[in-house]
Amino acid sequence: MAGEVSVAADPRFGDYQTNAALVLAKQHGENPRALADRIVKQLNVSDISEPPTVAGVGFINFTLKREAVEKKIAELLTDERLGVERVSQAKRIVIDFGSPNVAKPMHVGHIRSTVLGDALARIAQFLGHEVIRDNHIGDWGTQFGMVIWGWKNLLDRKALAREPIAELVRIYKETNERANQDQNVRDAARAELVKLQAGDAENLSIWQQTVDLSKQEFERAYALLDVHYDIQRGESFYNDRLSEVVDRLRKSGLAEISEGAVCIFFRDIPELRDKPAIIRKRDGGFNYTTSDIATVDYRIRDLGADTIWIVTGAPQQLHFKEIFEIARREGYRADFRHITNGNILGEDRKLMKTRSGENVPLLEVLDEAIERARKVIEEKNPDLDDSEKDTIAKIIGIGAVKYADLSQYRMTDYVFSFDRMLSLQGNTAPYLQNAYVRIRSIMRRMGEKFSPPAAVRLTEPAEIQLAKKVCQFAEAVPQVLNDFRPNILANYLFELANSFHTFYEACPVLRAEEPSRSSRLALANLTGRVLQRGLKLLGIDVPEKM
RNA sequence: GCGCCCGUAGCUCAGCCGGAUAGAGCAACGGAUUUCUAAUCCGUGGGUCGGGUGUUCGAGUCACCCCGGGCGCGCCA
C-alpha cells in the first residue's frame, strides 16, 4: 500500500501528492524527509510532471506539466472510454438489487437499493465486468394466504382493473385486520396458504395473477427510472429446490435438528453464537433463509457467478452474514458482498411516511419530481415547445431524485427534500445537467460538426484547471467499486461541472482567437462527453436544452 | 442483555485503506449581466469533527469506554 499517489489535498501542494516516503520511513526506521529527498532524486517523472518537491514532514508533491495535460486532452478527444481502463481481470457478477414485494406498492424506500444497485451495475459493466442484474422479487411467502383469502372474499374487480396494486393492498390489509380479530379468518387464510403451497390450481392461478399485476406495476417504475434487469428470479423460482437444499445440509452435517426445526449453528463465531439460521420450520415449511441458500446455489452453479453483490437495506445484515457463512462452509469460493444502504427520512428526521403514516408510493414521488421540474422549466425557458418541456422535465426530475440519493454515502440516512434536490443550485443533478446544456448550446451555435484538433493549447488558469479535472475521470470511476460508493463519482462530476462553469465565465469559446478557439471547443466538447458518460454511469440522463 | 449502522459549520452532507492549516452545497452578507443558457460566476463570515482514554512522528479516520439516534436478534421476508 505504500506509494499511493492521490490527488493533492490542497492546490497549494500541486496536483498530486504521495505519502510514500512517510510510510516507508516508518517501516525502515528512517528519517522521512531525508528518504523523500532520496526518492525525489531518483524519480524520473519529467515527461508529465514538473520537478517534484518535498514538503511538510516528507510529502512528495507533483505538479503536472501543462504540455502533458494538453497532450492527454488531445488523446482523450479520440478515446471512446475517456481514459477509463478496463479491469485486467473481468469477473462475472450477479447483482441483486431492488427486489420489491408482490402485492405491495413500491415506496420511496425502494429508491435507494434500486438506484444504487443500478449505478453499481452500470459502472461494473463499463469497467469490463460481466454483469447479470437479477431482480429477486418477493413473490412467495406467508402473506399470500391473506392475499388469496382476500381475493376470494373481498375483491372488487372494477377497482382491480383500475388500480391493481391499490386493490391488492386493500384486500391484504382488510384481511389482515379481520384475521387479527377473528380466529376463523386467520385459520382460513392459513388454509389458503397451505393449499397454494400444495399446488392447488385455483390458488396458484390467483397467485400468478397477483404476481403478473405487480410486475406490470414495477415495470412502470423501472421505465421511469430507466432501470432494467437481465433476469427476474423471484423467491418462487426456488421452491422446488428447497427440500434438496435441506437434505444436502443435513447430510453434510452442517445442519441439525433443534426444537423440531432444522437449524444451522455458528458456534465458532461469537456474534452468531446464539443466532442459528433456521432452514426448515418445525411445521415442515421453508423460509427465506432456505430460499436464499438455493439462490446462492443457482447463481454460482447455473449462472457461473464468481461474485455476488446483494444490495439491500442494513436490517438484513445478520441474515446475509449467515447466508454467506453457510455458502463458505459448503465450499463456495465466490466473493460475496452485502452492500447495505441507509434510510430515506422525512423532514421530521424519521422514516419518510405520509401524513397518515403510510409508506410514500414511489411513483408519486417520481411524478411530483417531474411536475416540479416542469414548473421550473416553464419559468426559465417558456419558449420551448410542450413535448420538449415534458421530455426535459422527466430527465431533470428523475435525475434530481437519483442524484440526491447517489451523491450521498450509501449508509447515511438522508433527509428527502424536493426543494433541495430541485432547487437547481449547488450539488444537484440540474446543476450538472446545466453544465452539459451550456456545452451543447455552444456546439449548436458553432454551426458545424465538431472535429477534434490534432493539438490542444491551454493558457488560462481556468482552462488548465478544467483540463486537469477532465483527466481525473479515469481515476474516479474505478474508485467507486473499492467500497461501492457511487457518491465518489457524483462528487467528481460536481467538481467537474463546477470547473466548467468557472471556465465558461472566464473563457469565451466561440469568440476566442485561434488557436484558443479550437482548443476551448475541444475542451468543452470533451467535458460534455465526460459529464454525459459519468451521469449515465449513475443512471442519469442529460437534456440538450433546459 | 448481545450485535450492526450513524453522530463533522445554523441546515443538508463529503472526507475510500490514518497524513499537511477538516472541505462542499444551502441559508446569511457583499459583488459580477451590452458577453456562447445568470438553473451561472467571484468574494466574506461561520467548526471543542457527540464526549473521554489509548495506539502513533501524525487520529474526523484505528482500539476501548460512555452519551445520543436508528435498526436487528429461532421458526415473517
Side-chain angles (χ1 to χ4, degrees), chain A residues 1 4 6 8-10 12-13 17 19 22-23 25-26 32 55-59 61 99 101 138 140-143 235 258-263 265 270-283 285-289 291-292 313-319 321 340 342-343 345 349-351 376-377 379-381 396 404 407-409 411-415 417 419-420 422-428 430-431 433-435 437-446 479-480 482-485 487-488 490-491 494-495 498 501-506 508-512 520 524 545-546:
Chain A
M1 274 302 121
E4 289 262 312
S6 57
D10 188 305
R12 279 171 301 167
F13 306 136
Q17 65 181 47
N19 60 351
L22 296 175
V23 177
K26 187 171 192 170
V57 285
F59 292 94
N61 294 330
S99 308
N101 290 317
W140 201 254
T142 47
Q143 79 267 28
E235 290 166 355
S258 167
E259 296 175 34
V262 180
C263 298
F265 286 89
E271 49 186 296
L272 300 180
R273 184 164 295 153
D274 55 349
K275 304 183 193 332
I278 290 174
I279 58 171
R280 198 178 67 201
K281 300 186 285 183
R282 195 193 314 219
D283 66 6
F286 306 107
N287 61 15
Y288 84 137
T289 302
S291 103
D292 276 353
Q316 296 194 59
Q317 274 182 116
L318 182 65
H319 168 70
K321 194 171 270 188
T340 56
N343 299 311
L345 308 180
R349 307 222 43 146
K350 295 187 171 161
L351 269 185
V376 181
I377 294 163
E379 185 186 310
K380 300 278 184 187
N381 214 340
I396 293 179
S407 60
Q408 250 141 131
Y409 176 52
M411 288 300 298
T412 311
D413 290 350
Y414 78 92
V415 177
S417 162
D419 287 337
R420 243 195 316 277
L422 283 162
S423 77
L424 314 187
Q425 285 173 24
N427 192 1
T428 63
Y431 177 85
Q433 288 165 329
N434 183 236
V437 163
R438 283 179 144 184
I439 291 166
R440 297 309 301 161
S441 179
I442 292 172
M443 294 300 147
R444 275 194 304 276
R445 279 172 185 272
M446 180 178 60
Q479 263 193 67
V480 171
N482 284 351
D483 192 34
F484 310 107
R485 296 181 184 230
N487 65 312
I488 290 176
N491 293 341
F494 173 64
E495 287 171 11
N498 197 4
H501 283 305
T502 302
F503 160 83
Y504 183 91
E505 299 285 338
V509 177
L510 295 172
R511 287 176 289 102
R520 287 177 183 175
K545 301 175 184 172
M546 65 191 277

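Convention: sequence-line order gives letters A, B, ...; per-chain numbering from 1. No hydrogens, no waters, no symmetry mates; every other heavy atom, side chains included, goes into these values.
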S.K.: Can you identify which nucleotide, out of B/rC41, B/rA20, B/rA77, has its nearest atom closest to the A/Thr502 side chain?
M.R.: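 Output: B/rC41.
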S.K.: What nucleic acid atoms does A/Leu272 come within less than 4.0 Å of, heavy atoms only: base, sugar-phosphate, or nothing?
M.R.: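 Since no nucleic acid heavy atom lies under 4.0 Å of A/Leu272, the category is nothing.
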S.K.: OP1 or OP2 of B/rA14 less than 4.0 angstrom from a side-chain nitrogen or oxygen of A/Thr412, does that happen here?
M.R.: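 Affirmative; the distance criterion is met.
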S.K.: Using whole Å, report how far CZ of A/Phe484 lies from C1' of B/rC17.
M.R.: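 My rounded result for the distance is 14 Å.
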S.K.: Measure CD1/A/Ile488 against C1'/B/rA14 and give the value in whole Å, please.
M.R.: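 Whole-Å distance recorded here is 10 Å.
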S.K.: Tell me, please, which residues at least two apart from A/Lys26 pass salt bridge (Lys or Arg N to Asp or Glu O under 4.0 Å).
M.R.: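 Salt bridge (Lys or Arg N to Asp or Glu O under 4.0 Å) list for A/Lys26, sorted by chain: empty.
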S.K.: With sequence neighbours excluded, tell me which residues meet side-chain contact (heavy atoms from CB on, under 4.5 Å) with A/Ser417.
M.R.: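 So A/Ser417 forms a side-chain contact (heavy atoms from CB on, under 4.5 Å) with A/Glu347, A/Asp419, A/Arg420.
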S.K.: With sequence neighbours left out, write down each residue that passes side chain to side chain donor-acceptor pair (under 3.5 Å) with A/Asn381, or none if nothing qualifies.
M.R.: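 A/Asn381 satisfies side chain to side chain donor-acceptor pair (under 3.5 Å) with no residue once adjacent residues are dropped.
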S.K.: By the 4.0 Å heavy-atom rule, please label A/Gln479 as base, sugar-phosphate, or nothing.
M.R.: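 Base contact.
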S.K.: Check the side chains of A/Asn343 and A/Tyr414 for a donor-acceptor pair under 3.5 angstrom, ignoring hydrogens and angles.
M.R.: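 Looking only at side-chain atoms, A/Asn343 and A/Tyr414 do not form any donor-acceptor pair under 3.5 Å.
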S.K.: Rounded to the nearest angstrom, tell me the gap between atom CG in A/Asn61 and atom C1' in B/rG19.
M.R.: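 Rounding to the nearest Å, CG of A/Asn61 and C1' of B/rG19 are 12 Å apart.
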S.K.: Contact between A/Gln479 and A/Ile488 at the side-chain level, heavy atoms closer than 4.5 Å - yes or no?
M.R.: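 SC-SC contact between A/Gln479 and A/Ile488 confirmed.
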S.K.: Would you mind reading off the distance between A/Tyr409 atom OH and B/rC6 atom C1', rounded to a whole angstrom?
M.R.: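 These atoms are roughly 10 Å apart.
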S.K.: Between B/rC71 and B/rA14, how far apart are the two C1' atoms, rounded to whole Å?
M.R.: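 Taking atom C1' in both B/rC71 and B/rA14, they lie 24 Å apart.
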S.K.: For A/Gln317 and B/rC6, what is the distance between atoms CD and P respectively, to the nearest whole Å?
M.R.: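 Spelled out: CD on A/Gln317 to P on B/rC6 is 9 Å.
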S.K.: Both distances under 3.5 Å, Watson-Crick or G-U wobble: on that basis, could you give the dot-bracket string for RNA chain B, with [ ] for crossing pairs and | for other-strand partners?
M.R.: (((((((..((((.....[...)))).(((((.......))))).....(((((..]....))))))))))))....
S.K.: If the condition is salt bridge (Lys or Arg N to Asp or Glu O under 4.0 Å), which residues does A/Asp283 pass it with, not counting sequence neighbours?
M.R.: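 Not a single residue meets the salt bridge (Lys or Arg N to Asp or Glu O under 4.0 Å) criterion with A/Asp283.
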S.K.: Check every atom of B/rA39, B/rC36, B/rA14 against the side chain of A/Val376 and return the nucleotide holding the closest atom.
M.R.: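 Looking only at heavy atoms from C-beta outward on A/Val376, the closest nucleotide is B/rA39.
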S.K.: Expressed as a whole number of angstroms, how long is the span from A/Gln408:CD to B/rC6:C1'?
M.R.: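 It works out to 13 Å between those atoms.
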S.K.: Are A/Val480 and A/Asn487 side-chain neighbours, meaning at least one heavy-atom pair lies under 4.5 Å?
M.R.: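 A side-chain contact under 4.5 Å is absent here.
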S.K.: Taking the P atom of each, how far is B/rC67 from B/rC11, in whole Å?
M.R.: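 After rounding to an integer number of Å, I get 24 Å for this pair.
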S.K.: Report which part of the nucleic acid A/Asn482 touches: base, sugar-phosphate, or nothing (heavy-atom distance under 4.0 Å, all strands).
M.R.: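 Base contact - A/Asn482 has a heavy atom under 4.0 Å of at least one base atom.
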S.K.: Please write out the pairs of protein N or O atoms and N or O atoms of nucleotides 21-28 of chain B separated by less than 3.5 Å, giving the distance to one decimal.
M.R.:
| residue | atom | partner | partner atom | Å |
| --- | --- | --- | --- | --- |
| B/rU21 | O4 | A/Arg12 | NH1 | 3.4 |

S.K.: Base, sugar-phosphate alone, or nothing: which one does A/Val415 contact when heavy atoms must sit under 4.0 Å apart?
M.R.: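 It contacts sugar-phosphate atoms only.
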S.K.: I'd like a table of atom pairs between the protein and nucleotides 60-62 of chain B - only N or O on both sides, under 3.5 Å - with the distance next to each one.
M.R.:
none

S.K.: Taking atom C1' in both B/rU12 and B/rG7, compute the distance separating them and give it to the nearest angstrom.
M.R.: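 Roughly 14 Å separates the two C1' atoms.
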S.K.: List the residues meeting salt bridge (Lys or Arg N to Asp or Glu O under 4.0 Å) with A/Arg12, not counting sequence neighbours, and say none if there are none.
M.R.: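 With sequence neighbours excluded, A/Arg12 shows a salt bridge (Lys or Arg N to Asp or Glu O under 4.0 Å) to A/Asp10, given in chain and number order.
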S.K.: Check whether A/Arg440 reaches the backbone of A/Lys545 with its side chain - one donor and one acceptor, N or O, closer than 3.5 Å.
M.R.: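 Not confirmed, A/Arg440 side chain does not pair with A/Lys545 backbone.
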S.K.: NA contact type, A/Leu510, heavy-atom cut-off 4.0 Å: base, sugar-phosphate, or nothing?
M.R.: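 Answer is base: heavy atoms of A/Leu510 come under 4.0 Å of a base.
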S.K.: Go through it in stages, so that I can follow the logic: the residues are A/Thr428 and A/Gln433, the test is side-chain contact (heavy atoms from CB on, under 4.5 Å), and I'd like the CA-CA distance, side-chain angles, deciding distance and then a yes or no.
M.R.: CA-CA 9 Å; A/Thr428 63; A/Gln433 288 165 329; over 6 Å; no
S.K.: Assign a letter to each nucleotide of nucleotides 66-74 of chain B from its 5' end: B, base within under 4.0 Å of a protein heavy atom; S, sugar-phosphate only; -, no contact.
M.R.: -----SSBB
S.K.: Go through the steps to decide whether A/Val376 and A/Leu422 satisfy the test side-chain contact (heavy atoms from CB on, under 4.5 Å), and finish with yes or no.
M.R.: CA-CA 9 Å; A/Val376 181; A/Leu422 283 162; 5.9 Å; no
S.K.: With rounding to the closest Å, how many angstrom separate the P atoms on B/rG19 and B/rG58?
M.R.: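 Here B/rG19 and B/rG58 have their P atoms 15 Å from each other.
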S.K.: Side-chain N or O of A/Asn487 less than 4.0 angstrom from OP1 or OP2 on B/rG15?
M.R.: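 Answer is yes, contact under 4.0 Å.
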S.K.: Considering only atom C1', compute the distance from B/rC16 to B/rC76 and round it to an integer number of Å.
M.R.: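 Their C1' atoms lie roughly 36 Å apart.
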S.K.: Using atom names, set out every protein N or O paired with an N or O of nucleotides 57-59 of chain B below 3.5 Å, distance rounded to 0.1 Å.
M.R.:
| residue | atom | partner | partner atom | Å |
| --- | --- | --- | --- | --- |
| B/rG58 | O6 | A/Lys26 | NZ | 2.6 |

S.K.: Rounded to whole angstrom units, what separation is found between the OH atom of A/Tyr288 and the C1' atom of B/rA77?
M.R.: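 Between C1' of B/rA77 and OH of A/Tyr288: 6 Å.
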S.K.: Restricting to salt bridge (Lys or Arg N to Asp or Glu O under 4.0 Å), what partner residues turn up for A/Lys321, sequence neighbours left out?
M.R.: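 A/Lys321: salt bridge (Lys or Arg N to Asp or Glu O under 4.0 Å) contacts with A/Glu271.
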S.K.: Can you tell me, in whole Å, how much space there is between the C1' of B/rA9 and that of B/rG18?
M.R.: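 Result for the C1' pair: 24 Å, nearest Å.
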S.K.: Can the ring centroids of A/Phe494 and A/Tyr431 be said to lie less than 6.0 angstrom from one another?
M.R.: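 Yes, the ring of A/Phe494 comes within the 6.0 Å limit of the ring of A/Tyr431, centre to centre.
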S.K.: Between B/rG47 and B/rU21, how far apart are the C1' atoms? Round to whole Å, please.
M.R.: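 Approximately 13 Å lies between the C1' atom of B/rU21 and that of B/rG47.
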S.K.: Between the side chain of A/Glu505 and the main-chain N/O of A/His501, is any donor-acceptor distance below 3.5 Å?
M.R.: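 No; zero donor-acceptor contacts below 3.5 Å.
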S.K.: Mark yes or no for whether A/Thr502, through its side chain, and A/Asn498, through its backbone, hold a donor-acceptor pair below 3.5 Å.
M.R.: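 The answer is yes, because a donor-acceptor pair under 3.5 Å joins these two groups.
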S.K.: What I want to check is whether an N or O donor and acceptor connect the side chain of A/Asp292 with the base of B/rA77 at under 3.5 Å.
M.R.: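 Answer is no: no donor-acceptor pair is held.
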S.K.: Just the rounded figure in Å: distance from P of B/rG7 to CG of A/Leu345.
M.R.: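 Taking CG of A/Leu345 and P of B/rG7, I get 13 Å after rounding.
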S.K.: Hey, does the side chain of A/Gln17 reach the backbone of A/Ala9 with a donor-acceptor pair shorter than 3.5 angstrom?
M.R.: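 A pair under 3.5 Å: yes.
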S.K.: Let me see the working for A/Met546 and A/Val437 under side-chain contact (heavy atoms from CB on, under 4.5 Å), right down to the final yes or no.
M.R.: CA-CA 7 Å; A/Met546 65 191 277; A/Val437 163; 3.6 Å; yes
S.K.: Considering only nitrogen or oxygen atoms on both sides, find all protein atoms under 3.5 Å from nucleotides 31-35 of chain B and state each distance.
M.R.:
| residue | atom | partner | partner atom | Å |
| --- | --- | --- | --- | --- |
| B/rU35 | O2' | A/Arg511 | NE | 3.2 |
| B/rU35 | O2' | A/Arg511 | NH2 | 2.6 |

S.K.: Could you tell me whether the phosphate oxygens of B/rC41, OP1 or OP2, come under 4.0 Å of any side-chain nitrogen or oxygen in A/Tyr431?
M.R.: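 For B/rC41, OP1 or OP2 has a side-chain N or O of A/Tyr431 closer than 4.0 Å.
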S.K.: Provide the distance between the two C1' atoms, one in B/rU56 and one in B/rC64, to the nearest whole Å.
M.R.: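 Straight-line distance between the two C1' atoms is 16 Å.
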S.K.: Classify A/Glu235 by what it touches in the nucleic acid, base, sugar-phosphate, or nothing, heavy-atom distance under 4.0 Å.
M.R.: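 Contact class for A/Glu235: sugar-phosphate only.
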S.K.: When all nucleic acid strands are considered with a 4.0 Å heavy-atom cut-off, which category describes A/Arg485: base, sugar-phosphate, or nothing?
M.R.: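 Since only primed, P, OP1 and OP2 atoms lie under 4.0 Å of A/Arg485, the category is sugar-phosphate.
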S.K.: With respect to the side chain of A/Phe59, which nucleotide from B/rC16, B/rG19, B/rC13 is positioned closest?
M.R.: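 Looking only at heavy atoms from C-beta outward on A/Phe59, the closest nucleotide is B/rG19.
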S.K.: Heavy atoms only, 4.0 Å cut-off, all strands: where does A/Tyr504 land among base, sugar-phosphate and nothing?
M.R.: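 Result for A/Tyr504 = base.
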S.K.: When you measure from the side chain of A/Asn287 to the backbone N and O of A/Ile279, does any donor-acceptor pair fall under 3.5 Å?
M.R.: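 Checking the backbone N and O of A/Ile279 against the side chain of A/Asn287, no donor-acceptor pair under 3.5 Å is found.
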